[in-house]
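Below, read A as the first sequence line, B as the second, and so on, with proteins coming before strands; counting in each chain starts at 1.
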Amino acid sequence: MAEKIICVVGPTACGKTTLGVLLAKRLGGEVVSADSMQIYRGMTIGTAAPTASEMDGVPHHMIAVADPEESWSAARYAQTAIPIVDDILRRGKRPILVGGTGLWLDAVVQGREFAGGAAGGQVRRELQARLEAEGIGPLLEELRQVDPAAAARLHPADEKRILRALEVYRETGETITAHNEKTRNLPPRYDAVWIGLRFADRADLRQLIDRRVDAMVEAGLLEEVRTLLDRGLPRDATALQAIGYKEFLGVLEGEITVDQAVAEVKLRSRQYAKRQLTWLRRNPDIHWIEWEKERDFGRALQLSTEILRTHGLG
RNA sequence: GGGGGAAUUCCAGAGCGGUCAAAUGGGGCAGACUGUAAAUCUGUUGUCACUGACUUCGGUGGUUCGAAUCCACCUUCCCCCA
């Protein structure tokens with residue numbers, strides 16, 4: 001029987017961090033972050049990573065544990081986070097996964113494994129070079145030869161996944177389609193109770209995002225980005241894909257003004273929130289707590305407690 | 001005061017007599033997604049009784065078989081001269 005863990009999910013700025021801490025305190029739990037950007041060090045302001053006071057004494061894992069120059073993936077995250085979750089359980093505490101990166105959450109909770117190969121690998125670089133030289137056509141044709149199902153499923157414009165599919169075959173001798181079929185129905189690694197936070201009206205989320213972005217800028221987002229660059233972080237680092245960072249990079253390089261960057265960050269953030277919601281919507285196990293206008297954490301904690309109780313927790 | 005230019009679907013911006021409900025981009029909405037996922041990719045975006053019909057391209061009137069596209073006047077905006 002898989003062990004019980006809690007997952008707190010939702011779009012950016014919906015209050016996951018706060019609820020996670022409240023639940024941890026009530027249940028004697030520890031937070032394991034599932035955030036693809038908070039994982040990097042030196043990116044606290046722009047990723048809205050919890051501060052020491054926000055953590056309120058609750059142990060947090062997987063936040064600021066990676067060098068921004070490193071390129072973390074969902075697979076690497078899972079490899080690192082799963083042992084941590086297990087350790088928390090072994091110590092008789094409750095793991096609480098808190099995060100907005102849907103794939104990363106699923107990578108821990110589900111029993112699936114990622115196929116071989118990786119972004120920085122030799123095979124991938126070869127494929128990338130071929131893509132640049134020949135275009136996607138020949139690569140898609142090659143995929144059609146070895147894995148017709150994947151070739152049919154993937155949109156011809158989806159270069160990233162076409163490359164990945166070829167890479168898996170080259171690296172492992174097994175097609176990604178076969179790998180997926182093999183692992184898709186494995187039992188979940190944990191018995192997760194999913195709690196989702198969202199606003200009943202998206203306009204309220206937007207307002208909150210706007211305010212938060214303004215606060216980030218006031219808190220020194222520009223300086224944070226400058227510091228990262230001063231330490232030699234290359235412009236193409238995965239960490240700099242983070243919303244807020246890439247835009248303010250543009251400010252430092254004199255391409256756009258601060259006002260333009262702020263507007264851009266707000267826009268990208270709400271688009272991101274939308275994508276997060278799309279990902280989460282297909283998870284039927286999520287128990288949604290809806291905010292009306294303002295976030296009421298007292299009520300959310302109460303509702304969460306009831307949800308957890310029905311799942312034998314609390 | 002005189003001369004010139006422009007007004008297009010949520011925004012920007014094509015279109016310059018029929019093949020235009022109107023290119024393209026942005027935004028919105030919806031979706032996908034398993035080793036870059038805060039990334040990447042897709043669909044859709046006037047209305048409806050939706051393989052067809054109806055109402056649109058600043059306003060009014062006109063030319064024409066037919067107009068977003070031509071003409072007149074009006075309104076607004078921009079530029080130049082004064």
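- For B:rA21 and B:rA14, the C1' atoms lie 15 Å apart once the distance is rounded to whole Å.
- For B:rA32, the paired base is B:rU40 (Watson-Crick or G-U wobble, both distances below 3.5 Å).
- Using a 30° and 60° split on the angle between ring planes, A:Trp291 and A:Phe199 fall in the tilted class, from 30° to 60°.
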**B/S/- contact track for nucleotides 24-33 of chain B, protein heavy atom under 4.0 Å** = ---SSBBBBB
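- A straight line from CD1 of A:Ile39 to P of B:rG35 spans 17 Å, rounded to a whole angstrom.
- Among the protein residues, A:Thr47 comes within range of the nucleic acid bases, having at least one heavy atom under 4.0 Å from a base atom.
- One can place CG of A:Leu240 at 16 Å from C1' of B:rA37, the figure rounded to the nearest angstrom.
- Using a 4.0 Å heavy-atom criterion, one finds that A:Ala115 contacts the bases of the nucleic acid, with or without backbone contacts as well.
- Across all strands, A:Thr101 comes closer than 4.0 Å only to sugar-phosphate atoms, never to a base (heavy-atom distances).
- The C1' atoms of B:rC70 and B:rC77 are separated by 23 Å, rounded to the nearest whole Å.
- Using a 4.0 Å heavy-atom criterion, one finds that A:Gly244 contacts no nucleic acid atom at all.
- If you take CD of A:Glu224 and C1' of B:rA38, they are 14 Å apart, rounded to a whole angstrom.
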**Asked** Passes salt bridge (charged side-chain N to carboxylate O under 4.0 Å, His left out), A:Glu306 versus A:Arg309? Steps please.
**Response** CA-CA 5 Å; A:Glu306 285 165 22; A:Arg309 194 167 292 139; over 6 Å; no
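- For the pair A:Phe114 CZ and B:rA37 P, the interatomic distance rounds to 9 Å; values are reported in whole Å.
- The salt bridge (Lys or Arg N to Asp or Glu O under 4.0 Å) search around A:Glu294 returns none, not counting sequence neighbours.
- Protein atom CZ of A:Arg235 is 20 Å distant from nucleotide atom C1' of B:rA39, rounded to whole Å.
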